[in-house]
Amino acid sequence: MNDAFDLEKTLREGGERRIALLRYCVMSFNMELVLIFLAREYRLRPTHAAALALYDVFCAPQAPARIRSLELLPPRDLRLASAIEPLRRQWTQLQLPQPPEEQDVIGITVPHRHLFDAMVDALLSEPAGRLAQIGTEFDPALTPHQNLPGGQLNQAQKHFLDNVWRPVVKPRLVSAGFWQIADIE
């Protein structure tokens, strides 16, 4: 254990330390930091597919990797859900074949690059939240597995990796353009 591992610096600098930290977060089912990392990636390339993937994977009521900060999510906070619905309608409309004369008529907007910023700011500002806990639990000198209690996955963590992360979450995120997540097991 360490006193204050700098999560922000590790996410910014990248490399093997960032990969190890994100792997630990996935293995220990701490999705808040994964969402923060991906929301920052989203800001660089805001697309309909990326916005919908982040919302559907981490924030929707039945999201497979739903974050634990329930006060930021529907039904308690509907701001993000309200912002996602027009994007979902546009995305659905874009997927339908359009006759050539109607292709220019569709009013499509680019998703707002700051769509997830309020959520990221709220997660980062929780002084005793999940991120603070990860910062004290994670030791960068150890492997992601060694950082787990007992040095191994428990049954729930193994189930999440084998039945949710690998077959559902990771492919959805990668197909939405979050290619860096392909290295995270």
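Fair warning: this is a prediction, and the values are worked out from it, not measured in the lab. Only this structure's heavy atoms are used, side chains among them; waters, hydrogens and symmetry mates stay out.
Relative ring orientation between Phe116 and Tyr42 is described as perpendicular, the plane-to-plane angle rising above 60° on a 0-90° scale split at 30° and 60°.
Interatomic distance, CG of Asn147 versus SG of Cys25, reported as 10.0 Å (0.5 Å rounding). Taking CD of Gln133 as the start and CG of Leu33 as the end, the distance is 12.5 Å to the nearest 0.5 Å. How far CD of Glu32 is from CG of Leu123: 6.0 Å, rounded to the nearest 0.5 Å. Atom-to-atom distance recorded for Leu7:CG and Ile36:CD1 is 8.5 Å, nearest 0.5 angstrom. In this structure, Arg43 CZ and His112 NE2 are separated by 9.5 Å, a value rounded to the nearest 0.5 Å. For the atom pair Leu148 CG and Glu137 CD, the distance stands at 9.5 Å (nearest 0.5 Å).
Within the 4.5 Å cutoff, the side chain of Pro86 has no heavy atoms near those of the Trp91 side chain. With contacts defined as side-chain heavy-atom distances shorter than 4.5 Å, the pair Ile19/Gln180 does not qualify. Looking only at side-chain heavy atoms (C-beta outward), Leu38 and Phe58 come within less than 4.5 Å of each other. Residues Leu70 and Asp77 have side chains not in contact (no heavy-atom distance under 4.5 Å, counting atoms from C-beta outward). Inter-residue side-chain proximity for Arg89 and Thr92 is flagged as unmet; no heavy-atom pair is nearer than 4.5 Å.
Under the 3.5 Å distance criterion, the side-chain polar atoms of Arg66 are matched with a main-chain donor or acceptor of Cys59.
For the 3.5 Å distance criterion, the side chains of His145 and Gln152 fail to qualify, holding no donor opposite an acceptor.
Considering all non-hydrogen atoms of both residues, Pro111 and Thr47 come closest at CG-C, 3.4 Å. Contact between Asp117 and His114 at its shortest, heavy atoms only, is OD2-ND1, 2.6 Å.
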**Request:** Evaluate the side chain to side chain contact (heavy atoms under 4.5 Å, CB included) criterion for residues Leu11 and Arg40: first the C-alpha distance (whole Å), next the side-chain angles of each, then the deciding distance (0.1 Å), finally the verdict.
**Result:** CA-CA 10 Å; Leu11 288 181; Arg40 288 177 175 166; 4.1 Å; yes

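For Asp162, the salt bridge (Lys or Arg N to Asp or Glu O under 4.0 Å) partners two or more places apart in sequence, or in a different chain, are Lys158, Arg166. Looking at residues two or more places apart in sequence or on another chain, you find a side-chain contact (heavy atoms from CB on, under 4.5 Å) between Pro144 and Ala20, Arg23, Tyr24, Met27.
For the pair Arg88 and Asp56, the salt-bridge criterion is met [side-chain N within less than 4.0 Å of a carboxylate O].
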